[in-house]
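Okay, so here's the structure we're looking at.
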Amino acid sequence: MTKEQKDNLFLLVKSLTKSEKRQFKLYVGRLGVNSDSKFLNLFNLLDKASLYDENIILKSGIVKKQQLANVKAHLYKQILISLKLNPSHQNIRSQIREQLDFASILYHKGLYKQSLKILDKAKEVAISNEEKNLAFEIVELEKIIETQYITRSINSRADQLTLQAKELSELNVIASKLSNLSLQLYSTILKSGYVKNQQESIAVAKYFKDRLPEVNLSDLGFREKLWYYKAHLWYSFLMQDFLNCYKYALKWVGLFYENPNMITLNPVFFLKGNNYLLEALYFIKNKQKFNIKLLEFNTIVKQANFPNDENVVSLVFLYGNFHKINQHFIDGSFEEGLTLIPEIEQQLIQFNTTIDSHHKMIFYYKFASLHFGAGNNKACIIYLEKIISNKNLSMREDLLCFSRVLNLVAHYEAGLDYHLDSLLKSTYKFLIKMNDLNMVQKEMIKFIRGLQYIYPQDIKKEFKKLLEVLRQFEDHPFERRAFLYLDIISWLESKIEDKPVGQIIRDKYITFYVK
């Protein structure tokens, strides 16, 4: 049976650049015996193939069925070794590990002095680049060697190594606690989104307080501060405290600008920090700062010395385009935002293997929201259907829920009310199942269900009634999250005032946010 582009080896081969393929063949060809080897022939076949098909491989005669698994495993390993030797994949971490390996070899050969010399230099590089786990590993090896390479300074050397090990261990423990806390909070928001009620709020606050280690920020290095800011950022997002989100995201990004060498060493964390900074600015509707920070982001990622491996390139695409779209949500310029969709969709095909389904669905939700804002309700439904019909989707529960609520509203707006009743029932059941039926959603479903019994001349009166009901939830600490996904208030105002929803949002933006 054909496994279309799901085989790990096939995906690895297809991810290689021209220079990486060339280097792999040079690496393999360094030994003449490899020139006609099974694994090299398999590589050439996979390189030319458009999809992975084991039947084609077996029919080629390159390898027998019982040999295929072993040949694939060997080829996979050889490609990774070749990539490891590629200068483009070399960084400070790999250089330190290489020196650690060299020192270990020298130690086992009994060349203690040479080993210690290499370790001392590697440790200095590790500490200066905030690679404290590697530095601790180096110190531990130094301690082992010092017990065999006896010198007159053994007492002072022992004290020095013991102190270094203790300091590094303490900082590593702090970093581990903070990274664990950050990861758990991040996992929570990915699974279920913002806190939904007082009970969840108390539970998250207690979890955060109980696990946040007591620290003095001035005693921490780059790495520990980074995890400290990340933990606070995720806590703030969960609690919908977007001003504090902005505060800690700004500290996160500022940490990199204070230590510019860390941008090259940790480009993913730099990109993520900028993403959350822009997201916080989007939520607090500060378009002036948003535009400045987005320009800064786009400028730095285009610099020649900015890392450009596949992972980094895909994240630049992801975050850059998310926030290009968000620009139009801030001020209601939906029509202008629609022009972004074809270009992004084309690029999504190119990033098919590096952008996960969760983020693809977020793009579809944003596309749907742009079309809804521009009044293109049928186009909005098409994108929402891509989310709703995906039964294997691992996506934030709150986004899944609001996709269905927006789908209801879009069907009503498009005049597709012939199966609105079945949509209402399925949406209600889904929200109950997800335990995500808040007051805003309840009122929306009740309103749409009752529309069939309202005379046309009374419809505006009913819109006004619903608006009065929903306005009481705008500043509610838990109910307000509904308006982060779907600006129902502006939609109702547009129906009452007979204006496009984009104009309503734009007028609000000018009135309340433009100074």
Side-chain angles (χ1 to χ4, degrees), residues 1-102 104-105 267-268 307-318 345-361 390-394:
M1 185 177 179
T2 301
K3 297 179 183 178
E4 188 173 343
Q5 296 198 11
K6 290 182 180 178
D7 182 81
N8 289 339
L9 174 62
F10 182 76
L11 292 173
L12 177 60
V13 171
K14 289 301 176 184
S15 75
L16 300 176
T17 63
K18 286 184 178 180
S19 65
E20 287 170 343
K21 291 174 185 176
R22 185 168 57 250
Q23 177 173 314
F24 172 72
K25 290 180 179 180
L26 288 171
Y27 166 72
V28 172
R30 74 198 189 285
L31 298 176
V33 71
N34 286 333
S35 60
D36 194 33
S37 62
K38 288 182 172 64
F39 78 88
L40 182 56
N41 291 333
L42 177 58
F43 173 84
N44 290 329
L45 187 149
L46 294 177
D47 185 28
K48 293 173 184 175
S50 57
L51 55 84
Y52 180 80
D53 190 336
E54 285 188 1
N55 292 325
I56 292 175
I57 296 172
L58 296 174
K59 285 179 182 178
S60 71
I62 291 172
V63 61
K64 295 178 182 178
K65 187 172 184 178
Q66 57 267 35
Q67 298 173 316
L68 182 57
N70 287 336
V71 173
K72 284 174 62 180
H74 183 62
L75 174 56
Y76 194 91
K77 181 179 178 181
Q78 293 303 311
I79 293 173
L80 290 180
I81 293 172
S82 173
L83 289 172
K84 181 182 175 183
L85 297 172
N86 193 310
S88 66
H89 297 288
Q90 295 289 318
N91 57 31
I92 293 294
R93 292 187 197 95
S94 59
Q95 291 167 19
I96 295 168
R97 288 192 187 99
E98 183 180 60
Q99 293 302 305
L100 187 53
D101 289 341
F102 290 161
S104 184
I105 291 168
V268 170
N308 64 347
D309 61 46
E310 288 87 345
N311 186 34
V312 168
V313 170
S314 66
L315 288 177
V316 168
F317 159 78
L318 195 68
E345 284 189 305
Q346 190 62 39
Q347 289 178 300
L348 273 172
I349 297 171
Q350 299 171 25
F351 288 99
N352 185 47
T353 59
T354 51
I355 302 294
D356 60 84
S357 60
H358 168 78
H359 285 102
K360 287 175 187 174
M361 294 304 115
N390 193 331
K391 304 302 180 187
N392 300 317
L393 184 60
S394 176

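- Summarising the geometry, atom CG belonging to Asn55 is positioned 11.0 Å from atom OG belonging to Ser60; distances are rounded to the nearest 0.5 Å.
- Minimum heavy-atom separation, Pro307 to Val312: O-CG1, 3.2 Å.
- For Lys21, the side chain to side chain donor-acceptor pair (under 3.5 Å) criterion is met by Asp47, not counting sequence neighbours.
- With rounding to the nearest 0.5 angstrom, the CD atom of Glu98 is 7.5 Å from the NZ atom of Lys84.
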| query | Phe24 and Leu40: side-chain contact (heavy atoms from CB on, under 4.5 Å), yes or no, with the steps? | reply | CA-CA 10 Å; Phe24 172 72; Leu40 182 56; 4.1 Å; yes
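- Other residues, nucleotides and ligands contribute at most 12 non-hydrogen atoms within 6.0 Å of the CD atom of Gln346.
- Here the CZ atom belonging to Phe39 is positioned 13.0 Å from the CG atom belonging to Leu46, to the nearest 0.5 angstrom.
- Applying the side chain to side chain donor-acceptor pair (under 3.5 Å) criterion to Arg22, with sequence neighbours excluded, gives no partner residue.
- Using a 4.5 Å cut-off on side-chain heavy atoms (C-beta onward), Ile57 and Tyr52 make contact.
- You'll find the side chain of Phe317 reaches within 4.5 Å of the side chain of Ile355, heavy atoms only.
- A heavy-atom distance below 4.5 Å is found between the side chains of Glu54 and Leu68.
- Contact record, Gln23 with Leu85: NE2-C, 3.6 Å, taken as the closest heavy-atom pair.
- With hydrogens and angles disregarded, no donor-acceptor distance shorter than 3.5 Å links the side chain of Ser104 to the backbone of Asp101.
- Residue Asp7 holds its CG atom at 10.0 Å from CG of Leu12, rounded to the nearest 0.5 Å.
- Here the side chain of Lys14 pairs a donor or acceptor atom with the backbone of Ala49 at under 3.5 angstrom.
- Taking the side chain as every heavy atom from C-beta outward, Phe351 and Leu318 never approach each other to under 4.5 Å.
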| field | Verdict with supporting geometry, Glu310 and Thr353, side-chain contact (heavy atoms from CB on, under 4.5 Å) | value | CA-CA 10 Å; Glu310 288 87 345; Thr353 59; over 6 Å; no
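- Put simply, the side chain of Leu83 reaches to within 4.5 Å of the side chain of Leu16, judged on heavy atoms.
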| request: Give the intermediate values and the outcome of side-chain contact (heavy atoms from CB on, under 4.5 Å) for residues Leu9 and Val13. | output: CA-CA 6 Å; Leu9 174 62; Val13 171; 4.2 Å; yes
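- In this structure, Glu20 and Ile79 have side chains that are not in contact, with every pair of non-hydrogen atoms separated by 4.5 Å or more.
- With values rounded to the nearest 0.5 angstrom, Leu42 atom CG is found 8.0 Å from Lys72 atom NZ.
- Annotation: side chain of Leu315 is not in contact with side chain of Thr354 (no heavy-atom distance under 4.5 Å).
- Residues satisfying the ring-ring contact (aromatic ring centres under 6.0 Å, His included) test with Phe102, not counting sequence neighbours, are none.
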| request: Would you please test Leu75 and Lys38 for side-chain contact (heavy atoms from CB on, under 4.5 Å) and show each step? | output: CA-CA 9 Å; Leu75 174 56; Lys38 288 182 172 64; over 6 Å; no
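- Lys25 has its side chain within reach of Asn44: a pair of non-hydrogen atoms, C-beta onward, lies under 4.5 Å apart.
- Of all heavy-atom pairs between Leu58 and Val63, the closest is CD2-O, 3.8 Å.
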